[in-house]
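The structure appears right after this line, and notes come after that.
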Amino acid sequence: VQYIGDTQPIDGMAFGADSSLYLTYIQENAVARITPRGRLEGVVRDSLLKWPDSFALAPDGGLYVTSSQLHIPRAQRTQ
């Protein structure tokens with residue numbers, strides 16, 4: 001175990017094709033990553049990414065993230 005740094009509250013984690021560890025920042029509507037060299041970086045932050053939840057890796061190396069929207073009343077969730 002090695003201390004890398006402080007992070008936001010995280011819901012999902014996955015290693016990408018680039019060997020970075022990707023993290024979902026649920027309170028920030030964002031995705032961050034820890035690079036193989038241990039650097040913590042922001043990847044994307046967007047109001048449309050509501051409560052990023054989990055990841056899926058595509059065969060071509062693409063990384064997909066789900067948006068659960070559990071914190072939003074059902075009638076107000078995006079389709």
Side-chain angles (χ1 to χ4, degrees):
V1 175
Q2 179 182 1
Y3 174 80
I4 299 294
D6 296 326
T7 65
Q8 300 291 322
I10 297 167
D11 199 11
M13 295 189 298
F15 281 100
D18 64 352
S19 298
S20 291
L21 177 61
Y22 287 82
L23 315 166
T24 59
Y25 281 0
I26 58 176
Q27 294 179 332
E28 301 290 328
N29 298 329
V31 173
R33 70 179 166 204
I34 300 173
T35 68
R37 293 186 178 214
R39 183 174 174 197
L40 181 62
E41 317 178 311
V43 175
V44 64
R45 179 180 298 195
D46 195 301
S47 62
L48 295 174
L49 188 60
K50 296 173 171 61
W51 199 313
D53 188 33
S54 59
F55 293 104
L57 295 169
D60 66 358
L63 184 67
Y64 293 85
V65 61
T66 63
S67 178
S68 70
Q69 302 184 30
L70 289 174
H71 64 299
I72 301 171
R74 186 178 300 269
Q76 297 173 12
R77 295 179 188 170
T78 10
Q79 301 292 324

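Here, residue 1 is the first one in the sequence, and each next residue gets the next number.
At a threshold of 4.5 Å between non-hydrogen side-chain atoms, the residues L57 and F15 do not count as touching. In this structure, the side chains of V31 and Y25 stay at 4.5 Å or more apart for every pair of heavy atoms.
Atom CD of Q27 sits about 11.0 Å away from atom CG of D11, to the nearest 0.5 Å. Taking CD1 from I10 and CG from L21, the interatomic distance works out to 7.5 Å, rounded to the nearest 0.5 Å. How far CG of L49 is from CD1 of I26: 11.5 Å, rounded to the nearest 0.5 Å.
Taken together through direct or relayed side-chain contacts under 4.5 Å among Ile, Leu, Val, Met, Phe, Trp and Tyr, L23 and W51 form parts of separate hydrophobic clusters. The same ILVMFWY cluster, assembled from side-chain heavy atoms under 4.5 Å apart, contains both M13 and I34. By the rule that hydrophobic residues join a cluster once side-chain heavy atoms approach within less than 4.5 Å of another member, L40 and V43 end up as members of separate clusters.
Minimum interatomic distance between D53 and T24 (heavy atoms only, all atoms of both residues): O-OG1, 3.5 Å. Of all heavy-atom pairs between Y22 and F55, the closest is O-CE1, 3.5 Å. For the pair N29 and P52, the tightest heavy-atom approach, listed with the atom from each and the gap, is CA-CD, 4.0 Å. For the pair P36 and D18, the tightest heavy-atom approach, listed with the atom from each and the gap, is CG-O, 3.6 Å.
Remark: the backbone N or O of G12 is not paired with any side-chain donor or acceptor of S54 at under 3.5 angstrom.
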